[in-house]
There are 2 protein chains.
Amino acid sequence: MSDNLNFVKKLRISGLRPTKQRIKICEILFGGKDTFHFSINELSKIISQKTNEKISLATIYNTVHAFLSKGYIKQIAVNSEQNYYDTNTTDHHHFYDEDKNQLIDIHDNEVEPVKINRKIPGKKIKSIEVLVKVQNN
Amino acid sequence: MSDNLNFVKKLRISGLRPTKQRIKICEILFGGKDTFHFSINELSKIISQKTNEKISLATIYNTVHAFLSKGYIKQIAVNSEQNYYDTNTTDHHHFYDEDKNQLIDIHDNEVEPVKINRKIPGKKIKSIEVLVKVQNN
DNA sequence: TAATACTTTAGAATAGTTATAATCTACGCA
DNA sequence: TGCGTAGATTATAACTATTCTAAAGTATTA
């Protein structure tokens with residue numbers, strides 16, 4: 001439960017009240033060793049599996065948005081059917097397995113830095129994302 | 001109008017009947033010199049501006065899907081709010097201007113080839129897409 | 001020209017997401 | 001410790017994008 005204290009701290013620091021629901025979602029998202037990828041739908045299922053009390057869908061959306069804007073998680077563009085989020089907020093790229101509908105991290109040492117030899121006047125680069133779509137052989 | 005004959009041919013070759021609606025959408029998508037990027041919503045607006053008769057939304061969706069599956073256009077993942085399509089189906093990457101909500105092609109000579117030093121067992125790479133998000137300075 | 005298979009269409013249905021307003025809860029202050 | 005208040009949660013309504021349906025229309029082939 002020392003984790004929970006960390007989550008309370010984490011939430012408080014970013015100005016979010018540490019409610020039961022937010023702490024539970026923190027546990028799920030940040031309590032494991034690995035980062036992970038999820039859609040709202042998947043998160044919602046995990047919550048109802050691991051929790052006795054239900055968390056309303058509206059709260060799940062609110063919390064994901066709050067965590068997004070506080071930089072706890074980031075959004076990944078795959079396609080418009082599935083809206084994915086990633087608990088790994090560092091710059092990194094992804095494989096997308098079209099058969100399993102699953103994202104896989106590509107670590108920095110697994111890809112050469114992407115070099116763009118062009119600038120858009122008046123604009124600055126906010127992020128560079130590579131998405132490698134893969135499918136069964 | 002020689003263009004129209006080409007569109008009729010193009011449609012017929014891929015097994016699509018050259019209907020009035022499909023030809024009109026071909027004109028809009030492939031009649032100009034440049035390739036372009038569009039959402040269903042934007043295409044729908046352009047159609048109603050440039051056309052006297054209306055084309056039903058369902059037909060616009062059907063046609064875009066048909067053109068997608070025939071390889072006339074391709075889909076671009078930007079975010080889940082906007083579903084974008086591109087008339088340039090060759091492999092290339094994009095800037096996404098977050099202020100104007102606009103895609104800009106990155107040509108092959110403007111980017112170093114992306115090298116991924118990792119393979120997923122049993123999977124083959126279908127596409128590699130780079131999305132460079134930019135915003136105002 | 002007639003038969004038929006393919007298309008288009010309006011509107012219904014669905015899915016994902018956001019808004020609303022009532023109830024509840026965390027937290028600062030007395 | 002208890003109160004008041006701002007912030008949070010909730011069920012449900014509303015909204016938006018997309019897909020489905022089935023009826024009417026059109027291109028094609030014989």
Side-chain angles (χ1 to χ4, degrees), chain A residues 4-5 7-28 37-48 51-70 72-73 75-85 101, chain B residues 4-5 7-28 37-48 51-70 72-73 75-85 101:
Chain A
N4 277 13
L5 282 181
F7 295 146
V8 170
K9 216 176 283 177
K10 183 185 176 95
L11 289 163
R12 230 187 274 277
I13 285 169
S14 32
L16 297 172
R17 284 193 181 167
T19 64
K20 210 173 43 175
Q21 293 85 346
R22 284 171 178 168
I23 291 167
K24 175 51 87 183
I25 292 176
C26 274
E27 283 174 23
I28 291 171
H37 308 101
F38 62 97
S39 64
I40 294 283
N41 192 28
E42 288 161 2
L43 177 57
S44 171
K45 277 184 198 161
I46 294 170
I47 289 170
S48 51
T51 309
N52 295 335
E53 311 101 279
K54 278 173 195 164
I55 299 181
S56 125
L57 236 199
T59 300
I60 297 175
Y61 273 101
N62 286 343
T63 303
V64 165
H65 288 159
F67 286 6
L68 251 187
S69 73
K70 298 300 181 186
Y72 293 6
I73 58 181
Q75 202 168 1
I76 298 172
V78 179
N79 57 47
S80 62
E81 287 82 48
Q82 303 281 119
N83 204 352
Y84 284 99
Y85 301 92
N101 270 23
Chain B
N4 278 13
L5 282 180
F7 295 145
V8 170
K9 215 177 284 177
K10 182 185 177 97
L11 289 164
R12 230 186 273 276
I13 285 168
S14 33
L16 297 173
R17 285 189 182 171
T19 64
K20 212 173 43 176
Q21 293 84 346
R22 285 171 177 168
I23 291 167
K24 175 50 87 181
I25 292 176
C26 274
E27 282 174 25
I28 290 170
H37 309 99
F38 62 97
S39 64
I40 294 283
N41 192 28
E42 287 161 3
L43 177 57
S44 171
K45 276 184 199 162
I46 293 170
I47 289 171
S48 51
T51 308
N52 295 336
E53 311 101 279
K54 279 173 196 164
I55 299 181
S56 123
L57 236 199
T59 300
I60 297 174
Y61 274 101
N62 286 343
T63 303
V64 165
H65 289 159
F67 286 7
L68 251 187
S69 74
K70 297 301 180 184
Y72 293 7
I73 57 181
Q75 201 168 1
I76 299 172
V78 179
N79 57 48
S80 62
E81 286 82 47
Q82 304 279 120
N83 203 351
Y84 283 100
Y85 302 92
N101 270 24

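Below, chains carry the letters A, B, ... as their sequence lines are ordered, and counting in each starts from 1.
One atom, CZ of B:Arg22, and another, C1' of D:dG25, lie 14 Å apart when rounded to the nearest Å. To the nearest angstrom, C1' of D:dT18 lies 16 Å from CG of A:Asn83. Rounded to an integer number of Å, the gap from A:His65 NE2 to D:dT9 C1' is 16 Å. The interatomic distance linking A:Leu57 (CG) with D:dA11 (P) rounds to 10 Å, in whole Å. Here the P atom of nucleotide D:dT18 and the CD atom of B:Gln75 are 9 Å apart, to the nearest Å. To the nearest angstrom, P of D:dT9 lies 13 Å from CD of A:Glu53. In this structure, NZ of B:Lys20 is placed 14 Å from C1' of D:dA24, rounded to the nearest angstrom. In this structure, OH of B:Tyr61 is placed 3 Å from P of D:dT18, rounded to the nearest angstrom.
Remark: the backbone N or O of A:Ser48 is not paired with any side-chain donor or acceptor of A:Thr51 at under 3.5 angstrom.
Using a 4.0 Å heavy-atom distance criterion, A:Thr19 is classed as a sugar-phosphate-only contact. Within the 4.0 angstrom heavy-atom criterion, base atoms lie near B:Asn62.
Within a 6.0 Å sphere centred on NZ of A:Lys70, other residues, nucleotides and ligands contribute more than 12 heavy atoms. Heavy-atom contacts from other residues, nucleotides or ligands closer than 6.0 Å to NZ of B:Lys9 number 12 or fewer.
Nearest-nucleotide mapping onto DNA chain D: of B:Asn41 and A:Gly15, the residue sitting toward the 5' end is A:Gly15.
Taking the side chain as every heavy atom from C-beta outward, A:Tyr85 and A:Leu43 never approach each other to under 4.5 Å. By the 4.5 Å heavy-atom criterion applied to side chains, A:Tyr84 and A:Glu42 are counted as neighbours.
The two residues B:Leu68 and B:Gln75 make their nearest non-hydrogen contact at CD2-N, 3.8 Å.
First and last contacts of DNA chain C with chain B, using any nucleotide atom under 4.0 Å from a protein heavy atom and ordered 5' to 3', fall at C:dA5 to C:dA10.
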Using a 3.5 Å cut-off and no angle test, enumerate the donor-acceptor pairs between side-chain atoms of residues 12-24 of chain B and protein atoms at least two apart in sequence or in another chain.
{"from": "B:Ser14", "atom 1": "OG", "to": "B:Lys10", "atom 2": "O", "distance (Å)": "3.0"}
{"from": "B:Ser14", "atom 1": "OG", "to": "B:Leu11", "atom 2": "O", "distance (Å)": "3.3"}
{"from": "B:Ser14", "atom 1": "OG", "to": "B:Tyr72", "atom 2": "OH", "distance (Å)": "2.3"}
{"from": "B:Thr19", "atom 1": "OG1", "to": "B:Arg22", "atom 2": "N", "distance (Å)": "3.3"}
{"from": "B:Arg22", "atom 1": "NH1", "to": "B:Arg17", "atom 2": "O", "distance (Å)": "3.0"}
{"from": "B:Lys24", "atom 1": "NZ", "to": "B:Glu27", "atom 2": "OE1", "distance (Å)": "3.4"}

